[in-house]
Chemist: 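Could you have a look at this structure, given as structure tokens, before my questions?
Computed from a prediction, not measured in an experiment: that's the story for all the values here. This chain uses plain numbering: 1 for the first residue, then up along the sequence.
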Amino acid sequence: MSCIFCRIAHGEIPARVVFQDDRVVAFHDVSPQAPVHVLVIPRVHVESLAASTSEQDALLGHILVTVRHVARALGVAENGYRTVINTGFDGGQSVGHLHAHLLAGRPLGWPPG
């Protein structure tokens with residue numbers, strides 16, 4: 001298995017996990033772009049949002065529910081947070097495994113970049 005996020009999801013590479021269940025793992029980003037920067041990844045390999053299938057719709061919803069849960073658990077929900085899913089090269093996706101970013105802990109400007 002060469003995908004770094006698959007390896008994290010299967011416990012082969014350590015990560016600072018904040019939440020996990022049978023479908024997703026949420027962990028702190030190793031290169032944070034905000035005081036709180038957590039990634040939520042599915043345990044199964046899905047290349048990107050564009051590559052997901054209708055059979056994975058429930059998983060996609062679960063990723064967002066997990067972002068909400070983690071934001072509440074980390075105490076950033078009240079002040080607000082940003083959820084980002086980069087898709088493809090032009091969208092800024094740097095790892096070929098679907099992941100949602102939870103960014104919080106400071107005011108986040110717009111446009112993002």
Chemist: Does one side chain, of H99 or N86, offer a donor that lies under 3.5 Å from an acceptor on the other?
Modeler: no
Chemist: Go through it in stages, so that I can follow the logic: the residues are H101 and H37, the test is side chain to side chain donor-acceptor pair (under 3.5 Å), and I'd like the CA-CA distance, side-chain angles, deciding distance and then a yes or no.
Modeler: CA-CA 7 Å; H101 296 258; H37 189 170; 2.7 Å; yes
Chemist: How long is the gap from CZ on R68 to OG1 on T66, to the nearest 0.5 Å?
Modeler: 9.0 Å
Chemist: Nearest 0.5 angstrom please: C3 SG to R7 CZ, how far?
Modeler: 9.5 Å
Chemist: Does I4 reach the side chain of V95, with side-chain heavy atoms less than 4.5 Å apart?
Modeler: yes
Chemist: Are F27 and F19 joined in one hydrophobic group, where the rule is that I, L, V, M, F, W and Y side chains link up if heavy atoms are under 4.5 Å apart?
Modeler: no
Chemist: Same cluster or not: L49 versus V40, using hydrophobic residues (I, L, V, M, F, W, Y) connected whenever any side-chain heavy atoms lie under 4.5 Å apart?
Modeler: yes
Chemist: Considering only heavy atoms from C-beta outward, does the side chain of V67 approach that of Y81 to under 4.5 Å?
Modeler: yes
Chemist: Would a 4.5 Å heavy-atom cut-off, applied to side chains only, mark V76 and N79 as touching?
Modeler: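 In short, these two side chains do not touch, never coming nearer than 4.5 Å.
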Chemist: Decide yes or no on side-chain contact (heavy atoms from CB on, under 4.5 Å) for S48 and L98, but give the supporting numbers first.
Modeler: CA-CA 4 Å; S48 68; L98 174 65; 5.6 Å; no
Chemist: With a 4.5 Å cut-off on side-chain heavy atoms, are L59 and V44 touching?
Modeler: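 Of all side-chain heavy-atom pairs linking L59 with V44, at least one is under 4.5 Å.
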Chemist: Check whether more than 12 heavy atoms from other residues, nucleotides or ligands sit under 6.0 Å from atom CG of L60, and answer yes or no.
Modeler: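 Yes, the 6.0 Å shell around CG holds more than 12 heavy atoms from other groups.
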Chemist: Could you tell me whether a side-chain N or O of R16 sits under 3.5 Å from a main-chain N or O of V30, the two making a donor and an acceptor?
Modeler: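 Answer holds: no.
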Chemist: Just by distance, no angles: are the side chains of H97 and H45 close enough, under 3.5 Å, to form a donor-acceptor pair?
Modeler: yes
Chemist: Hey, are the side chains of Q93 and I85 touching, using non-hydrogen atoms and a 4.5 Å cut-off?
Modeler: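 A side-chain contact is absent here, since even the closest heavy-atom pair is not under 4.5 Å.
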Chemist: Which atom pair, heavy atoms only, marks the closest approach of V24 to H62?
Modeler: CG1-CD2, 3.7 Å
Chemist: Which heavy atom of P42 sits nearest to which heavy atom of I63, and what is that distance?
Modeler: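 Smallest heavy-atom distance, with atoms named: CD-CD1, 4.1 Å.
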Chemist: Taking side chain as C-beta onward, heavy atoms only, is R43 less than 4.5 Å from F5?
Modeler: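 No, their side chains stay 4.5 Å or more apart.
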Chemist: Take L39 and H28 through the test side-chain contact (heavy atoms from CB on, under 4.5 Å) and record every step on the way to the result.
Modeler: CA-CA 6 Å; L39 302 177; H28 290 279; over 6 Å; no
Chemist: I need the minimum non-hydrogen distance between A51 and E47, along with the two atoms involved.
Modeler: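 So the minimum-distance heavy-atom pair works out to CB-CB, 3.9 Å.
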Chemist: To check you understand the geometry: which heavy-atom pair defines the closest contact between D29 and S31, and what is its length?
Modeler: OD1-N, 2.6 Å
Chemist: Are the side chains of L103 and Q33 in touch, meaning some heavy atoms are under 4.5 Å apart?
Modeler: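 L103 reaches Q33 side chain to side chain.
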Chemist: Do you reckon V38 sits in the same ILVMFWY cluster as V25, going by side-chain contacts under 4.5 Å, direct or chained?
Modeler: no
Chemist: Would you indicate whether the side-chain heavy atoms of T83 and L64 approach each other to under 4.5 Å?
Modeler: yes
Chemist: Return the minimal non-hydrogen interatomic distance between I41 and A9, and the atom names on each side.
Modeler: CD1-CB, 4.0 Å
Chemist: Taking all heavy atoms of Q56 and all of V46, pick out the closest pair and write down the distance.
Modeler: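 Looking at all heavy atoms of both residues, the shortest contact is NE2-CG2, 3.3 Å.
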